Amino acid sequence: MDLELLDTTLADLGQPPFRAKQVWEWTARGTAGYDAMTNLPAPLREQLAERVPFSTLEVENEARSKDGTIKVLFRTVEDQRPVEAVLMRYRDGRRSLCLSSQSGCPLTCTFCATGTMKFGRNLTASEILDQALHFRRTEDVDHVVFMGMGEPMMNLDNVLAACRRLPDVGVSHRHTAISTVGWTPGIDRLAEQDMPIRLALSLHAADETLRSRIMPVNDRHPLREVLAACNRFYDRKKRMIFIEYVMLDGVNDAPEHAVQLAQVLDPKRFKVNLIPYNPTGSYDGSDRRTIEDFRATLEEHGIGATVRLTRGQDIDAACGQLAAKALAG
Ligand code: SAH
């Protein structure tokens with residue numbers, strides 16, 4: 001729901017300010033539409049239904065994985081841009097949402113499918129929230145990661161505005177994580193926020209040359225500066241930072257890469273999450289043995305490391321696969 005349009009519409013209609021709060025409370029709790037908002041006068045509900053679309057997104061397609069993961073392809077109501085979001089269901093009951101911050105992505109990480117599609121635009125705060133609200137209407141959700149399409153730090157104002165409202169939807173700031181390629185100004189700004197949001201860094205190579213090769217953004221924000229920004233974040237927030245590291249066969253998965261990675265990270269500040277590569281065409285993924293050895297080498301050097309469970313691969317909902325295949329159509 002376009003919350004600014006809601007405010008101006010309510011003002012136009014001469015409604016008292018508390019109406020916006022009432023509408024938001026219903027919406028955040030997963031209400032299906034204005035009809036159900038029984039503490040609003042019926043004529044007002046009708047006027048709102050006419051003037052403020054209940055969502056800024058329309059569902060174009062929904063795919064369900066056999067592991068319970070659901071991927072939704074939305075279009076922005078305003079200009080039909082593709083936006084994808086994923087709900088992951090875990091055995092322990094956790095319900096985690098992977099949200100997009102942009103339609104497409106302007107960066108060109110060589111292993112990521114989103115990077116190969118055309119960049120559209122930044123999403124508004126309402127378009128970001130509406131992804132979460134879509135899922136909230138069918139079940140409770142408790143975690144959010146900004147690991148869908150786009151680079152959240154390049155649209156940080158809108159991402160933070162959405163985060164500010166997530167607790168009403170059921171997701172605390174501590175259960176919210178923003179993942180970045182290492183956009184240093186954004187990392188510094190996140191560190192200044194009062195909200196205790198987690199930081200995750202997509203690192204993928206501990207060597208400047210290799211990192212620039214697989215992530216061209218490294219030329220603009222070199223690893224050394226990115227890690228310095230992460231250390232400033234830690235000094236300020238005292239919150240562990242997650243390092244994402246996608247395992248590419250013969251590219252960044254040798255034991256010496258693990259040693260190098262351990263050398264640039266302070267074990268008190270960083271934890272590593274190794275990501276099995278989800279096929280997008282350009283690389284082969286490391287095999288399980290190699291990934292396990294890499295993890296063991298990191299641990300030997302004192303760095304905590306886990307291997308990410310791959311979810312939704314059969315529906316192209318896994319990391320790096322959100323390229324809106326239906327785009328062509
Ligand atoms: N732009 C931000 C947010 C997107 S997060 C960022 O890059 O951090 C998406 C995560 O999935 C990133 O860690 C990204 O590096 C990873 N990823 C991209 N392509 C992948 C692939 N093909 N297989 C596995 N992980 C991938």
Side-chain angles (χ1 to χ4, degrees), residues 69 71 83-86 88 96-117 119-120 122-123 128 131 144-156 158-159 162-163 176-184 186-187 190 197-206 210-211 213-218 220-221 223 226 229-230 233 241-249 251-253 270-286 291 294 306-325:
T69 299
K71 175 173 87 164
V83 176
E84 289 191 308
V86 181
M88 290 159 289
S96 190
L97 294 175
C98 178
L99 304 185
S100 295
S101 54
Q102 301 180 311
S103 175
C105 185
L107 304 177
T108 52
C109 302
T110 54
F111 43 82
C112 179
T114 308
T116 62
M117 67 183 274
F119 174 59
N122 282 340
L123 299 178
I128 295 169
Q131 298 167 53
V144 159
V145 291
F146 283 91
M147 296 188 186
M149 288 177 163
E151 170 50 42
M153 296 300 188
M154 296 176 83
N155 185 21
L156 193 56
N158 292 339
V159 167
C163 286
T176 302
I178 296 181
S179 176
T180 177
V181 295
W183 199 261
T184 50
I187 296 172
L190 184 63
I197 295 171
R198 254 185 201 290
L199 175 65
L201 171 67
S202 295
L203 189 123
H204 308 317
L210 177 58
R211 191 165 192 266
R213 183 149 68 81
I214 63 179
M215 298 176 74
V217 67
N218 192 64
R220 175 146 177 196
H221 295 297
L223 181 59
V226 173
C230 287
F233 180 93
I241 297 161
F242 283 102
I243 298 291
E244 293 155 276
Y245 194 99
V246 62
M247 296 292 290
L248 305 171
D249 179 41
V251 176
N252 65 354
D253 65 347
F270 296 95
K271 253 197 200 135
V272 175
N273 200 211
L274 298 174
I275 313 178
Y277 173 67
N278 298 306
T280 58
S282 11
Y283 297 93
D284 292 319
S286 314
I291 298 178
F294 197 95
T306 50
V307 179
R308 180 177 292 175
L309 220 59
T310 294
R311 312 282 303 200
Q313 206 177 46
D314 55 329
I315 54 166
D316 286 343
C319 309
Q321 291 188 312
L322 295 180
K325 285 219 171 125

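Start at 1 and go down the list; that is how both ligands and their atoms are numbered. Predicted model only: the values in this text are computed from it and were never measured. Note that the numbering runs from 1 along the sequence shown for the chain.
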Checklist entry - Can Tyr277 and Thr280 be said to form a side chain to side chain donor-acceptor pair (under 3.5 Å), step by step? => result CA-CA 9 Å; Tyr277 173 67; Thr280 58; 2.8 Å; yes

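Assignment of Phe146 to the shell around ligand 1 is supported, since a heavy atom sits closer than 4.0 Å. Taking a 4.0 Å cut-off on heavy atoms, Met149 fails to register as neighbouring ligand 1. Heavy atoms of Pro279 come nearer than 4.0 angstrom to ligand 1 in no pair at all. A heavy-atom separation below 4.0 Å is not found between Gly285 and ligand 1. In this structure, Ala200 falls outside the shell of residues with a heavy atom less than 4.0 angstrom from ligand 1.
Near Tyr277, meaning under 4.0 Å from any of its heavy atoms, are these atoms of ligand 1: 21 (C), 22 (N), 23 (N). Counting the atoms of ligand 1 from 1 in the order shown, those under 4.0 Å from a heavy atom of Ile275 are 24 (C), 25 (N). Ligand-side atoms of ligand 1 in range of Val246: 23 (N), 24 (C), 25 (N), range being under 4.0 angstrom from any heavy atom. Per-residue contacts place Gly148 under 4.0 angstrom from the following atoms of ligand 1 (heavy atoms of the residue considered): 4 (C). Of all the atoms in ligand 1, the ones that sit under 4.0 Å from a non-hydrogen atom of Thr280 are 22 (N). Close approach of ligand 1 to Gly150 is summarised as follows: ligand atoms under 4.0 Å from at least one heavy atom of the residue are 1 (N), 2 (C), 3 (C), 4 (C).
Any N or O atom pair closer than 3.5 Å counts here, and Pro276 shares no such pair with ligand 1. Residue Asn278 has at least one N or O atom closer than 3.5 Å to an N or O atom of ligand 1. Ligand 1 has a nitrogen or oxygen under 3.5 angstrom from a nitrogen or oxygen of Phe111.
One N or O on the side chain of Ser282 and one on the backbone of Thr110 form a donor-acceptor pair closer than 3.5 Å.
Of the options Glu151, His204, Met147, the smallest heavy-atom separation from atom 14 (C) of ligand 1 is shown by His204.
Ring pair Phe294/Tyr245: centre-to-centre distance below 6.0 Å.
Side-chain contact of Asp249 with Ser286: a donor-acceptor pair under 3.5 Å is absent, judged by distance alone. Side-chain contact check for Ser179 and Glu244: at least one donor-acceptor pair (N or O, by modelled atom type) lies under 3.5 Å.
Here the closest non-hydrogen pair linking Met147 and Ala200 is CE-CB, 4.2 Å. Between Ala162 and Ile128, the shortest heavy-atom distance links the atoms CB-CG2, 3.6 Å. When every heavy atom of His204 is checked against every heavy atom of Ile214, the shortest pair comes out as O-CD1, 3.8 Å.
Rounding to the nearest 0.5 Å gives a distance of 5.0 Å between SG of Cys230 and CG of Leu199.
At a heavy-atom distance under 4.0 Å, only backbone atoms of Thr180 (N, CA, C or O) approach ligand 1.
Aromatic ring pairs are classed by plane angle as parallel below 30°, tilted from 30° to 60° and perpendicular above 60°; the pair His221 and Trp183 is perpendicular.
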